[in-house]
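The next block holds one structure in the form of structure tokens; read it before the comments.
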Number of protein chains: 2
Amino acid sequence: MNNRMMTLKKLAELSNFSVSTVSKALTDNPEISKPTKNKIKKLAELYNYIPNITAKNLKEQKTRNIGVIIPNILAHFFAKVLVGIEKEASKQGYHIITCISDESYDKEVKSIEMLANGSVDGLIISISKGTFIKKNYKHIQSIIDRGLPVIQFDRVIDEIITDKIVIDDFKSSYNATTTLIDSSCKNLAFVTPIHNTSVGTRRLQGFQKAINKASNIESSKLFVIDDYKIFAKDFQGYLQSDTIDGVLASDELSAICAMNLIIGLGLKVPEDISVIGFTDGILSENSNPPLTTVNQHGQELGLLAVKQLVNRINQNSEEYKTTIMNTSLIKRKSTCK
Amino acid sequence: MNNRMMTLKKLAELSNFSVSTVSKALTDNPEISKPTKNKIKKLAELYNYIPNITAKNLKEQKTRNIGVIIPNILAHFFAKVLVGIEKEASKQGYHIITCISDESYDKEVKSIEMLANGSVDGLIISISKGTFIKKNYKHIQSIIDRGLPVIQFDRVIDEIITDKIVIDDFKSSYNATTTLIDSSCKNLAFVTPIHNTSVGTRRLQGFQKAINKASNIESSKLFVIDDYKIFAKDFQGYLQSDTIDGVLASDELSAICAMNLIIGLGLKVPEDISVIGFTDGILSENSNPPLTTVNQHGQELGLLAVKQLVNRINQNSEEYKTTIMNTSLIKRKSTCK
DNA sequence: CTGTTAGCGCATTCAT
DNA sequence: ATGAATGCGCTAACAG
């Protein structure tokens, strides 16, 4: 904003009408006569008048901004969700203010504080790993108590009551595991870098359920990734001493890493070991061999989140609901058959 | 914003002080006495008072928002830049409002219009492919004329005078090509999906310059990608009838695609064909073989962009300058030696 | 040390 | 059909 900016007041002086007449003329209020409207509109056009959005926001007690907090924009899934959010928000006339928590509790708290001072009309959030580990959710609850509409997606805190949009992690994981088992894998491994999150937990449960239900499983092994280098050593060590013929990973990157480690040992994917990952991203599509993945439909998820949030902003009446999105298994060459 | 929100006015009534006294007390103005400050601060704490940022912004004629327009968040480079932008902006107390142009001129125009109504104090932009093709830059110039500070990065329009941050595309490309030539590649191909952009043009020029300077080049071939499927056919067709022993791609994804096409034909990377890409992202790091790439240091670029923009917001005096960022070639296994 | 007043730019109610 | 007055929530110059 600078002194070049045209305002209603200046326009009023220039046109010899009052501020309120100018305001009404520009919003096509029927109280104002045609000729007056025309004069004023022409003048506004000439001087490139643009209504000051901040003043409007103050007057109307809203911002037309949506806050978005995601753990990691470099993960394809979150990037895709963001694309969906941006598209729908833009369509509905909302800006999005993006904060990246970088999986850190502290950054998440700070971001929320920065957003909850009236900067946004609502918030879409996926919880950071750090917060799950810390198990401290006060920062989320406090903004809800303050009356800010919140939508949680993907990584959600069950105890915090808001609208939620998740995928059916348990079922997706169960189905993916079953796919491995059906292609006669008997020695399975579950690889996860998000062990502490809601999502990670459910995916592991789905994996275990499928294994328990199957009759001919010989072994199963859990690899929790904190550090990829340590994981590489552990995983390859295990491969050399034990048998694995099927891997399910709870995200995309760890699936690709596992596959590369397998290939690095001279083993074949999928002939020796089948691999399935979560999130259908650029990595999965372009790996060699291309990776069979659980498609989480991130973009639609983002779209839905905005729709639900805008709904909630406009009418705060409905029951809070959890939407479970379908996934689909995209079969590529990292699995047999 | 809702009626639950505490305001200075309500706080004034509750405390029996005037609004201005309350305001001053809460900003630790030395005019106010210790006991009064304490009383008021305690009350503010008790009622969970948070200053309304919109009102503050209106008063101070600024938004503490930075607009960011990028062509495609799914490209690792832009995601990385965004990470840098978010980090530095957050550090400096700015929000970022992210718009994705999706390489479209129309969306870029619309985004700029949505941002330039006082929603942001400044803008960081990388131009869309569509805009380069259309060669219509009025929407950019108009916001600059209106006095909004703008930083262009990576894909920049030379004719539009703003601060710019770019990488040395020509030199990076020249060096990468030279690396191929030095490892005795004689039949080179340049693969590019961004042929129309400033960046794409300069990278091609660097490639050509290196070829012209070399003495023993036997052939060189340009592949412009509009559609990846068509490219796949063309490229593999060429591979089958002609010789290529070195590929430089102007971005990450096309490099990976080229490599996969090569491997798909039973050829070996790097033994038969060396491949180098631009942008050091997740794809390059995790491909098989891992890809030699030009690292563009996206995060630092984002950081710098914010620093420069904030500088420009605070003092509109300096000369406009173009910062050229260094790149580095990360050698991995897709090239010989 | 505290309060009164004004004003940021806009929309709107209430006169005229 | 037009204008005056009010208020959104905040800061700050000025008065006392």
Side-chain angles (χ1 to χ4, degrees), chain A residues 1-41 43-44 47-65 116-121 146-147, chain B residues 1-41 43-44 47-65 116-121 146-147:
Chain A
M1 192 69 27
N2 50 45
N3 43 12
R4 266 176 274 195
M5 291 307 282
M6 191 46 57
T7 65
L8 288 184
K9 200 175 165 187
K10 289 189 204 164
L11 232 37
E13 283 165 13
L14 286 164
S15 66
N16 282 324
F17 285 102
S18 73
V19 172
S20 63
T21 301
V22 174
S23 171
K24 285 172 189 167
L26 291 176
T27 52
D28 249 334
N29 189 313
E31 287 178 4
I32 308 297
S33 73
K34 268 265 159 63
T36 305
K37 272 187 191 171
N38 284 340
K39 261 186 251 168
I40 292 178
K41 280 184 179 175
L43 210 66
Y47 284 98
N48 231 305
Y49 170 74
I50 296 167
N52 180 309
I53 196 82
T54 306
K56 206 173 188 176
N57 287 344
L58 177 60
K59 177 75 185 167
E60 295 176 0
Q61 300 287 66
K62 64 182 185 194
T63 66
R64 291 238 147 220
N65 287 155
N117 58 359
S119 292
V120 297
D121 295 338
R146 252 185 260 157
Chain B
M1 192 71 25
N2 51 43
N3 43 12
R4 265 176 276 194
M5 290 306 284
M6 191 46 57
T7 65
L8 287 184
K9 201 174 165 188
K10 289 189 205 163
L11 232 38
E13 283 164 12
L14 286 164
S15 66
N16 283 321
F17 285 102
S18 73
V19 172
S20 66
T21 301
V22 174
S23 169
K24 285 173 188 165
L26 292 175
T27 52
D28 249 334
N29 189 313
E31 286 177 3
I32 309 297
S33 73
K34 268 265 159 63
T36 305
K37 271 187 193 171
N38 284 339
K39 261 185 251 171
I40 293 178
K41 281 184 180 174
L43 210 66
Y47 285 98
N48 233 306
Y49 169 74
I50 296 167
N52 179 308
I53 196 80
T54 307
K56 205 173 184 175
N57 287 345
L58 177 60
K59 178 73 186 166
E60 294 176 2
Q61 301 286 68
K62 61 183 186 191
T63 66
R64 292 237 144 222
N65 286 156
N117 59 358
S119 292
V120 297
D121 295 339
R146 250 185 261 157

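So you know, we letter chains A, B, ... as the sequences are listed, proteins then strands, and number each from 1. From a predicted model like this one, the values you see are computed outputs, not experimental measurements.
- Protein atom CG of L8(B) is 14 Å distant from nucleotide atom C1' of dG3(C), rounded to whole Å.
- Atom NZ of K9(A) and atom P of dA4(D) are 14 Å apart (whole Å).
- dC8(D) atom P lies 8 Å from atom NZ of K59(A), rounded to whole Å.
- Residues K24(A) and I32(A) approach most closely at CB-CG1, 3.6 Å, considering heavy atoms.
- Counting heavy atoms from C-beta on, the side chains of M6(B) and N48(B) never come closer than 4.5 Å.
- The two residues S119(B) and N117(B) come nearest to each other via the heavy atoms OG-OD1, 2.7 Å.
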Verdict with supporting geometry, D121(B) and T63(B), side-chain hydrogen bond (donor to acceptor under 3.5 Å, both in side chains)
CA-CA 6 Å; D121(B) 295 339; T63(B) 66; 2.9 Å; yes
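- S18(A) contributes no side-chain N or O that forms a donor-acceptor pair with the base of dA4(D) under 3.5 Å.
- Side chain of N52(A), nearest nucleotide from dT12(C), dC10(C), dC10(D): dC10(C).
- Residue T21(A) is tested with N16(A), I40(A), L26(A) for a side-chain contact (heavy atoms from CB on, under 4.5 Å); the sole match is I40(A).
- At whole-Å resolution of the value, CD1 in I53(A) and C1' in dC8(D) are 15 Å apart.
- Within 4.0 Å (heavy atoms only), T7(B) reaches sugar-phosphate atoms of the nucleic acid but no base atom.
- In the region residues 24-37 of chain B, proximity to DNA chain D at under 4.0 angstrom, judged on heavy atoms, holds for K24(B).
- For the pair L58(A) CG and dT11(D) C1', the interatomic distance rounds to 13 Å; values are reported in whole Å.
- The phosphate of dG7(C) (OP1 or OP2) has no side-chain N or O of Q61(B) nearer than 4.0 angstrom.
- Straight-line distance from the OH atom of Y49(A) to the C1' atom of dG9(C): 7 Å, rounded to whole Å.
- Atoms NZ (K10(B)) and C1' (dC8(D)) sit 12 Å apart, rounded to a whole Å.
- In this structure, the CD atom of E60(A) is 16 Å from the C1' atom of dC8(C), given to the nearest Å.
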